[in-house]
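For reference, the structure is listed below as structure tokens.
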Amino acid sequence: MIISEFRVKKFCNFAALFCENNFDMINITFPDGGVRQFEAGVTPMDIAKSISEGLARNVLSAKVNDKMWDALRPINEDANIQLFTWNDPEGKATVWHSSAHLMAEAIEQLYKGVKFGIGPAIESGFYYDIDTGDMTLTEEDLVKIEKKMLELAKEKQAFERVDVCKADALKYFTEKGDEYKVELINELEDGTITYYKSGTFTDLCRGPHIPDTSCIKAVKLTSIAGAYWRGDENRKQLTRIYGITFPKQKELEEYLVLLEEAKKRDHRKLGRELELFMFTDMVGKGLPMWLPRGTALRNRLQEYLTKIQKHYGYEQVITPHIGNKNLYVTSGHWDHYGKDSFQPITTPEEGEVYLLKPMNCPHHCMIYKWQPRSYKDLPLRLAEFGTVYRYEQSGELHGLTRVRSFTQDDAHIFCRPDQVKDEFLRVMNIIEIIFKALKFENFEAQISLRDPNNTTKYVGTDENWERAEQAIKEACAEKGLPAREETGEAAFYGPKLDFMVKDALGRRWQLGTIQVDYNLPERFDLTYIGKDNEKHRPVMIHRAPFGSMERFVAVLLEHCAGDFPLWLAPDQAIILPISEKYQEYAEKVYETLKNSEVRVLLDDRSEKIGRKIRDAELKKIPYMLIVGEKEEGEGLVSVRKRGTGDLGSMPVAEFAKMVENQVADEQKVEY
Ligand SMILES: [Zn+2]
Ligand SMILES: [Zn+2]
């Protein structure tokens, strides 16, 4: 049996005649809390029209009682509603997922006999996994498909939602010969299956979709890749086509410029060019190796954070890279992650079992436990640049952002419940100082709270939860930090605060995090003696302002495109003699600067000066020091500042002082 909801979509009142709840009125609640009555069967589009024609023109999809919903799908019960346009991520996702259908339709028309896997929207655009049989699609095919998509989009094809019973769905796709859809349908429950039909294409899909294809005005298919069916390397490899669409050609053009810029800033490319880090399968997948220049850069970041943390009362500790299995059984990590982690290491003689450490917290708990603690000792703040190891599937690995070994700028604060807010404020100060020093001017936060309707799944007392959640909210308000509250997003062991930065290209990255934990103090039976001479449970706070050194350096590289602030730059200056005649003087300058605080290079190749300047620019070195006859005669260097230009000539000592001052200025911290 097939029932189309849309056949009657244009005639809402008429449609209501056929509904059970004939002419029933329903309450529609808007995000601002306002409630209005509509006839049952009303669509989000009708509701948009009742607000304004402009909104109706732009509405793409909706959320109805927390479910994504087509703009043209009738609503038959009281509902909370949210309408989405292109300006909302949900609206974009609806356009992009609909574009995946459009692409599939174009491909089906162009190439007979292709079969389809899945075609979701992604963060930017969409993809579809396709079995092309013996045929291999090329870049030229992509151009053909793009053209076809635009042609079909112009037809203003409507997306029609159709309920279908399992038997009919299986019959349809079996006859079509699409075993992928058949496999998917077999896993669905009868009564929950829907098709979406647009033009000549019918897809198994739960939606939602845009009303029709007319809003798709610009198309770019960005790449082709291989992808195993359902991500399983034992199954067939399909062809994955990525694409993106826009309602305006101009938006596509802007996107392509951004994409080009992002490619230039790819941290994997910059890391290679600037000689910061490397990977090799001989060492292992996802195991980064920091080269000397990258190590020096990372050490500078660590020293900077260490200095700030010292001011805030942190104490450094060092713990081993492995830990006895019992440690992780006690912490609960073994039960939770044991199977999905690197597998245990056993000793050859005693049969002891060890694990590569997936986190530093259990070790730090044992340091806390090492001696009795009194309320006067708290907060105890233990910090460690601790390297941890986590198994990630090889397909998930990506440069420095998804790795199997990484170093957290970790710390654990053990405090009394009444100290949580103050500790949050202090950590937020540290994060703010760091983001500012690295020119992340645009950041926001997310507070993850527990679900108040389902409190049983959380550990810790209600009183402590309420207190901690309140403390986090108050701390954000006091700092004037814009923070989004997400109910139900907290971990089972405590609420948390995450920091998101926007980089120079407007991309959002999650970096620092502060997390309250009521679980580990319980599991490790951590206590302190209170004023009342009784034993109490401390609160534990995990925090990492950078997140991890690897991820942070990756984000920083992409943010500044390799143009680090002077205090971090691997090389701060390069000496460029105009010709070999001035080699000796150049070496003298080099020696002088080497003995100062300046990180300096000497380009003593017998290349033309123009070439040397170009190469130094590629290396993004902040200062070029050009030396020739005049400079040698007067004991000077001619200074060119990257991004600024000629600063004139000056004595070597003056240049060194200038660099020193600039570095001090950039690193200055106002507590
Ligand atoms: Zn769909
Ligand atoms: Zn931790």
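Ligands are counted one by one from 1 in listed order, and the atoms in each one are counted from 1 as well. Scope of the values below: all heavy atoms of this structure, side chains included, with no hydrogens, waters or symmetry mates.
Rounding to the nearest 10°, we obtain 110° for the angle at the Zn ion (ligand 1) between H97 NE2 and H101 NE2.
Among heteroatoms of the N, O or S kind in H542, ND1 lies nearest the Zn ion (ligand 2). Shortest distance from the Zn ion (ligand 1) to H209 is reached at NE2 (N/O/S atoms only). In H412, the N, O or S atom that comes nearest to the Zn ion (ligand 2) is NE2.
The nearest N, O or S atom of C361 is closer to the Zn ion (ligand 2) than 2.8 Å.
In summary, the side chains of H321 and Y389 do present a donor paired with an acceptor at a separation below 3.5 Å, with no hydrogens or angles considered.
The two residues D203 and H101 come nearest to each other via the heavy atoms CB-CE1, 3.4 Å.
A distance-only check finds no donor-acceptor pair linking the side chain of D70 to the backbone of P208 [under 3.5 Å]. In this structure a side-chain-to-backbone donor-acceptor pair under 3.5 Å is present from D409 to F546.
In this structure, E392 CD and D340 CG are separated by 10.5 Å, a value rounded to the nearest 0.5 Å.
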